[in-house]
Amino acid sequence: MKSLSIVLMACLTLSCMTTSSAQEVKLGAAGNFGSTNWSNGYSDSKARVVFGIGGAGQYAITEKLNVGAELVLSSIGPKIIDNGDGLYGRFSIPTIQIPLFASYELIDKLQIHAGLQPSVLLAVNAILDNSPYNGDKIDFSDDYGSFNMDIIIGGSYDITENITALLRINKGLVDVETDRESRNLKTSGITLGVRYWLVKK
């Protein structure tokens, strides 16, 4: 129920932007790539590259102050490296990420932003790459929660009227692992992205 509520909240936010009488509303497509890891830096993990795709909306409150919302399908979870047990591979944790943030234009075309990123974990799997387990998938979904929350900070630059590039850092606030409290697994990452604005009014 919590996961469904988060997704509905993001859809409602983007929908409200399309009907708003604000100074300017923009809607478009979102594409990301970046790195993801556990913030605690465990010896058996290493940052890995992930990709994301979805939609974005931006609502202008004043000429310089905006609020934004995104709905992105991406992933979290690092590489698994051999720390003596002979196993290595990667976590595969697809998520629906919903960045919600406020942005302020420092100078023409350059903005900074900050906010929160609730997300829904759709599944949690470890995929092993070493022989004889090559390609084997282990389901850890029962050991992890279905909800995550990050704090996000970053900046963006309007390359053209329709294309915006962004850089964002996220830091997890929630322990996503539920059965091993001592590990306190929280997410961290860096995202590079592009927004292509399809609708502006």
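Since this is a predicted model, take the numbers as computed values, not measurements. The figures here come from the full heavy-atom set of this structure, side chains too, leaving out hydrogens, waters and symmetry mates.
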Please find the pair of heavy atoms, one from Ala123 and one from Pro94, that lie closest to each other, and give the distance.
O-CD, 3.5 Å

Quiz question: by atom type and distance under 3.5 Å, do the side chains of Asn37 and Ser45 form a donor-acceptor pair?
yes

Hydrophobic clustering (ILVMFWY, side-chain heavy atoms < 4.5 Å, transitive) - are Ile153 and Leu192 grouped together?
yes

In Å and rounded to the nearest 0.5 Å, what is the CD to CG distance from Gln97 to Leu73?
8.5 Å

Nearest heavy-atom neighbours spanning Ala56 and Arg195:
CB-CD, 3.6 Å

From Ile190 CD1 over to Arg168 CZ, what is the distance, rounded to the nearest 0.5 angstrom?
13.0 Å

Salt bridge Lys186-Glu177, side-chain N to carboxylate O under 4.0 Å
no

Full working for side chain to side chain contact (heavy atoms under 4.5 Å, CB included) between Phe101 and Glu70:
CA-CA 9 Å; Phe101 55 90; Glu70 300 168 10; 3.5 Å; yes

Under 3.5 Å, is there a donor-acceptor pair between the Thr160 and Asn162 side chains?
no

Test of understanding: clusters of I, L, V, M, F, W, Y form through side-chain heavy atoms closer than 4.5 Å, transitively. Do Phe51 and Val120 belong to the same one?
no

Looking only at side-chain N and O atoms, does Glu105 offer a donor or acceptor that is under 3.5 Å from a partner on Asn66?
no

Will you find, in the side chains of Thr164 and Asp158, an N or O donor that is under 3.5 Å from an N or O acceptor?
yes

For Gly189, is there any backbone N or O sitting under 3.5 Å from a side-chain donor or acceptor partner on Thr36?
no

State which residue, out of Val72, Asn148, Ile96, fulfils the side-chain contact (heavy atoms from CB on, under 4.5 Å) condition with Ser119.
Asn148

So does Ile53 have more than 12 non-hydrogen atoms from other groups sitting under 6.0 Å from CD1?
no

Scan side-chain atoms only and decide if Arg90 and Asn125 contain a donor-acceptor pair under the 3.5 Å cut-off.
no

Give the cluster check for Leu166 versus Val67: same hydrophobic cluster or not, with ILVMFWY residues linked at side-chain heavy-atom distances below 4.5 Å.
no

Looking only at non-hydrogen atoms, find the nearest pair between Phe147 and Val176 and report the distance.
O-CG1, 4.4 Å

Tell me if a side-chain donor or acceptor on Thr95 pairs with a main-chain N or O of Leu121 at a distance below 3.5 Å.
no

Residues two or more places apart in sequence or in another chain: which of them pass ring-ring contact (aromatic ring centres under 6.0 Å, His included) with Tyr144?
none

Between Phe91 and Arg48, is there a cation-pi geometry (under 6.0 Å to ring centre, at most 45° from the normal)?
no

If you apply the rule side chain to side chain contact (heavy atoms under 4.5 Å, CB included), what do you find for Leu100 with Leu116, and how did you get there?
CA-CA 6 Å; Leu100 304 168; Leu116 294 173; 5.6 Å; no

Lys200 atom NZ, over 12 foreign heavy atoms within 6.0 Å
yes

Honestly curious: do Ile107 and Ile163 fall in one hydrophobic cluster under the side-chain, below-4.5 Å linking rule?
yes

Minimal non-hydrogen separation, Ile152 against Asn170, with atom names:
CG2-CB, 3.8 Å

Counting distance only, does the side-chain N/O of Asn32 pair as donor-acceptor with the main-chain N or O of Thr191 below 3.5 Å?
no

Interatomic spacing from CD1 in Ile93 to CZ in Phe140 - rounded to 0.5 Å:
10.0 Å

Where is the tightest heavy-atom contact between Gln111 and Ser156, given as atom of each residue plus distance?
OE1-OG, 2.6 Å

CG/Asp175 to CH2/Trp38 distance, rounded to the nearest 0.5 angstrom?
9.0 Å

Spatial distance of atom NZ (Lys171) from atom CD1 (Ile151) [nearest 0.5 Å]
11.0 Å

Might you work through the side chain to side chain contact (heavy atoms under 4.5 Å, CB included) test for Gln58 and Trp197, ending with a clear yes or no?
CA-CA 10 Å; Gln58 185 170 293; Trp197 304 113; 4.1 Å; yes

So how far is it from Leu106 CG to Leu110 CG, rounded to the nearest 0.5 Å?
5.5 Å

Can you find a side-chain donor-acceptor pair between Thr187 and Asp150 that sits under 3.5 Å?
yes

Specify the closest pair of heavy atoms between Ile159 and Ala165, including all atoms of both residues, with the distance to one decimal.
CD1-CB, 3.8 Å

Can you hop from Ile169 to Leu167 via hydrophobic side chains spaced under 4.5 Å?
yes

